[in-house]
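Single-structure report; data block below.
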Amino acid sequence: MRLLYFASDYTIGLSCLLVQQAIAIKKEGIDFVAIAGDTEQEIGLTEQMENEKINLFRIKDMDEHKSFFHLSNQIGQLIKENNIQYVHVQNNWQLMLVSFHKYKNFLKPKSYKIAYTLHGFRHNHPVKSIFATAFIGLILLLFTNRVFIMSDYVKRHFFFLGRKMKKLYLGIDDSFFLKTENHLITDPIRLIFPAQFRKGKNQDMLINSIASYINKTDDQTIELYLPGSGPLLSEYENLVKDKNLEKNVIFPGQCTKLEVRNLYDFCNIGIVSSNTETFGQSIVEPFVLGRCVLTRNIGVAPDIIKEGINGYFFNDQNDLTEILVKLFQDRKNIEITGNNNFTEREMFSWKEIIKIYKKDLQLSSIQ
C-alpha cells in the first residue's frame, strides 16, 4: 500500500517535526512520496529531504487558505499519477482538500484511505475547544479511516471516534539519543522550560516558585532557564528584576533545537507549567535525555510519568515550591528519576514509532 505523506502545515510550510517523521518513514523502507507547500519553517529542511532522497512534491500556496478547488485538483492528480492507496494529512485544510477530491463523485468515491494526525483542537481555550472538538470530531468521523492521537488526554476528548483512533507518540530528534550513558550532575539544581512566552505557559508561576524556594532554603545557586520568545517575555523579565532573581532566572532567547538540547544537557530538571498540551515535547525531551521531569497533569505526562519514580506532578506555585525544597534536601532523587527516564527513552525514538505506524496502516515496503 503506497502512502502520500503531507510534510507541511498551515502557514508554517515544510515543518521540522514532519520532516523528521518523513525521514523516519524513509528509513523504515515504506513506499511513499511526500507533499508540501512552497515554504519551509527553517532554512535547510528541503535540503534534508533531498539528502535522504525523499520524493518530495511541492505545490505553491498549499499551506494558505485559498484556491481550494485548484489545490484539490492538483493533489488529486498527484494521487492518481503515483498510485496512492493511503494519504496522511496533518490539518483540517489538508483533510478537506483530499476529501473533496475523494468524494466529489459521492456515488463513486475514490478508493484510497485517509489518515489524520490530531495535533490540536483549540485546547488552550476552554470554550473554543468545545466547539472545535465537535466540529473536528464530525469531519474525522465522516472522512477519515485512521486518526492518530498523541496522548490519553486527546483520546478522552474524542472518545466518540472509537476504533478509528490509534495512540501514536510523536518522536524526538535523533540527536537527543546520541548519548549511551546518563551522567547527571545534581548540584546546583538547574531547571529548564523551553516555550513561547504567551498566555497559558505560566512562566511567571516558575519565577515565583524560585523566589519562594530561595526564601525557604537560602539556596542562591538554583538556576531556571527559560528559552523562547513571545508577547509576555518583557513582562516576565521585569518580574525577575522586581524579585532580584537576575542571577537565578536566565532568558537565553529564541534557540535552535541544538541549542535547546545543549541546555537540557546542562540542566538536571525539565519543568513544564503549561495549562494544557495535546502532547508536550517539553515533557518528552527531558524524559528522553534522562532528566527529572516536573510537570502539571497535562498532555502525555500522565501516560509516562509515575509520581516519585521518574518525575513529580504539581498543580500550582505552592506545590512546585514544596517539590523543589524536597529535591534540595535529597538531590539523589533527581539522579534516580532522571536515570529511570533514560532507560525508557526508546519509546520516543522515531524508529520505534514508525514501526508501529507501518504496521497499523499496513503500508508496503519499497521492493
Side-chain angles (χ1 to χ4, degrees), residues 149-156 167-172 176-195 202 205-206 209-210 213 216-217 219 222-225 260-261 263-349 351-353 356:
I149 50 110
M150 295 171 279
S151 65
D152 286 342
Y153 165 77
V154 178
K155 185 177 182 178
R156 289 193 297 272
K167 186 160 77 170
L168 189 76
Y169 293 139
L170 290 178
I172 298 299
F176 281 65
F177 292 87
L178 294 177
K179 293 186 176 180
T180 57
E181 295 181 359
N182 192 31
H183 299 290
L184 198 56
I185 299 171
T186 60
D187 188 16
I189 295 175
R190 293 193 178 106
L191 307 99
I192 177 174
F193 179 38
N202 305 320
M205 179 193 298
L206 305 183
S209 290
I210 294 296
Y213 164 87
K216 287 177 178 290
T217 64
D219 174 20
I222 191 170
E223 294 174 349
L224 169 64
Y225 289 81
V260 170
R261 195 199 72 203
L263 280 173
Y264 274 124
D265 285 340
F266 185 63
C267 297
N268 41 49
I269 296 175
I271 188 165
V272 184
S273 54
S274 306
N275 286 339
T276 182
E277 299 280 356
T278 54
F279 180 63
Q281 283 201 310
S282 53
I283 299 167
V284 176
E285 287 174 345
F287 181 99
V288 166
L289 288 171
R291 271 51 196 155
C292 175
V293 178
L294 310 184
T295 179
R296 302 181 82 188
N297 195 352
I298 55 171
V300 75
D303 299 18
I304 62 172
I305 300 299
K306 302 176 183 65
E307 180 74 22
I309 304 299
N310 60 352
Y312 298 88
F313 290 101
F314 64 93
N315 293 315
D316 53 31
Q317 175 186 325
N318 292 332
D319 284 349
L320 178 56
T321 302
E322 288 183 13
I323 293 169
L324 291 176
V325 171
K326 178 180 178 180
L327 293 175
F328 170 73
Q329 294 169 343
D330 188 356
R331 305 289 177 90
K332 193 68 177 176
N333 280 339
I334 299 175
E335 183 180 359
I336 292 170
T337 53
N339 287 337
N340 287 340
N341 284 328
F342 195 76
T343 61
E344 300 292 331
R345 63 181 183 156
E346 286 300 320
M347 71 172 77
F348 293 109
S349 73
K351 181 179 179 181
E352 296 303 315
I353 290 166
I356 299 170

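- Taken from CZ in Phe193 to CD1 in Ile269, the straight-line distance is 14.5 Å, to the nearest 0.5 Å.
- Here CG of Asn339 is found 10.5 Å from CD of Glu181. Values are rounded to the nearest 0.5 Å.
- When atom types are taken as modelled, the side chain of Ser273 and the backbone of Asn202 share a donor-acceptor pair closer than 3.5 angstrom.
- Minimum interatomic distance between Tyr153 and Thr276 (heavy atoms only, all atoms of both residues): OH-OG1, 2.8 Å.
- Annotation: side chain of Ile149 is not in contact with side chain of Thr278 (no heavy-atom distance under 4.5 Å).
- The side-chain heavy atoms of Leu324 and Leu191, taken from C-beta on, include a pair separated by under 4.5 Å.
- In this structure, Ile210 CD1 and Gln317 CD are separated by 10.5 Å, a value rounded to the nearest 0.5 Å.
- Looking only at side-chain heavy atoms (C-beta outward), Ile189 and Tyr213 come within less than 4.5 Å of each other.
- Here OG of Ser151 is found 7.5 Å from CZ of Arg156. Values are rounded to the nearest 0.5 Å.
- Residues Asn182 and Arg345 fail the side-chain proximity criterion, which asks for heavy atoms closer than 4.5 Å.
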Working for side chain to side chain contact (heavy atoms under 4.5 Å, CB included), residues Leu327 and Leu294: CA-CA 11 Å; Leu327 293 175; Leu294 310 184; 4.2 Å; yes

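- In terms of the salt bridge (Lys or Arg N to Asp or Glu O under 4.0 Å) criterion, residue partners of Lys167 (sequence neighbours excluded) are, by chain and number, Asp152, Asp303.
- Closest approach of Pro302 to Ile298, counting heavy atoms only: CD-O, 3.3 Å.
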Taking only distance into account, with no hydrogens and no angle test, what donor-acceptor pairs under 3.5 Å do side-chain atoms of residues 281-290 form with protein atoms, sequence neighbours excluded?
{"from": "Glu285", "atom 1": "OE1", "to": "Tyr264", "atom 2": "OH", "distance (Å)": "3.3"}
{"from": "Glu285", "atom 1": "OE2", "to": "Lys257", "atom 2": "NZ", "distance (Å)": "2.7"}

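- When the ring-ring contact (aromatic ring centres under 6.0 Å, His included) test is applied to Tyr225, the partners found at least two apart in sequence or on another chain are Phe266.
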Determine, step by step, whether Asn297 and Ile305 satisfy the side chain to side chain contact (heavy atoms under 4.5 Å, CB included) criterion, reporting the C-alpha distance in whole Å, the side-chain angles of both residues, the deciding distance to 0.1 Å, and the verdict. CA-CA 9 Å; Asn297 195 352; Ile305 300 299; over 6 Å; no

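- Residues meeting the side chain to side chain contact (heavy atoms under 4.5 Å, CB included) test with Ile353, sequence neighbours left out: Leu168, Tyr169, Trp350.
- With a 4.5 Å cut-off on side-chain heavy atoms, Leu206 and Leu320 count as touching.
- We find the CG-SG distance between Leu184 and Cys267 to be 10.5 Å, quoted to the nearest 0.5 Å.
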Counting only pairs under 3.5 Å, give me each side-chain donor-acceptor contact of residues 307-316, with atom names and distances, residues two or more places apart or in other chains.
{"from": "Glu307", "atom 1": "OE1", "to": "Phe313", "atom 2": "N", "distance (Å)": "2.9"}
{"from": "Asn310", "atom 1": "OD1", "to": "Lys306", "atom 2": "N", "distance (Å)": "2.7"}
{"from": "Asn310", "atom 1": "ND2", "to": "Ile304", "atom 2": "O", "distance (Å)": "2.9"}
{"from": "Asn310", "atom 1": "ND2", "to": "Asn341", "atom 2": "OD1", "distance (Å)": "3.0"}
{"from": "Asn315", "atom 1": "ND2", "to": "Asp319", "atom 2": "OD2", "distance (Å)": "3.4"}
{"from": "Asp316", "atom 1": "OD1", "to": "Asn318", "atom 2": "N", "distance (Å)": "3.2"}
{"from": "Asp316", "atom 1": "OD1", "to": "Asp319", "atom 2": "N", "distance (Å)": "2.9"}

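- Among residues at least two apart or in separate chains, salt bridge (charged side-chain N to carboxylate O under 4.0 Å, His left out) pairs with a member in residues 182-194 are Asp187-Arg331, Arg190-Glu223.
- Rounding to the nearest 0.5 angstrom, the gap separating the CE atom in Met347 from the CD1 atom in Ile356 is 10.0 Å.
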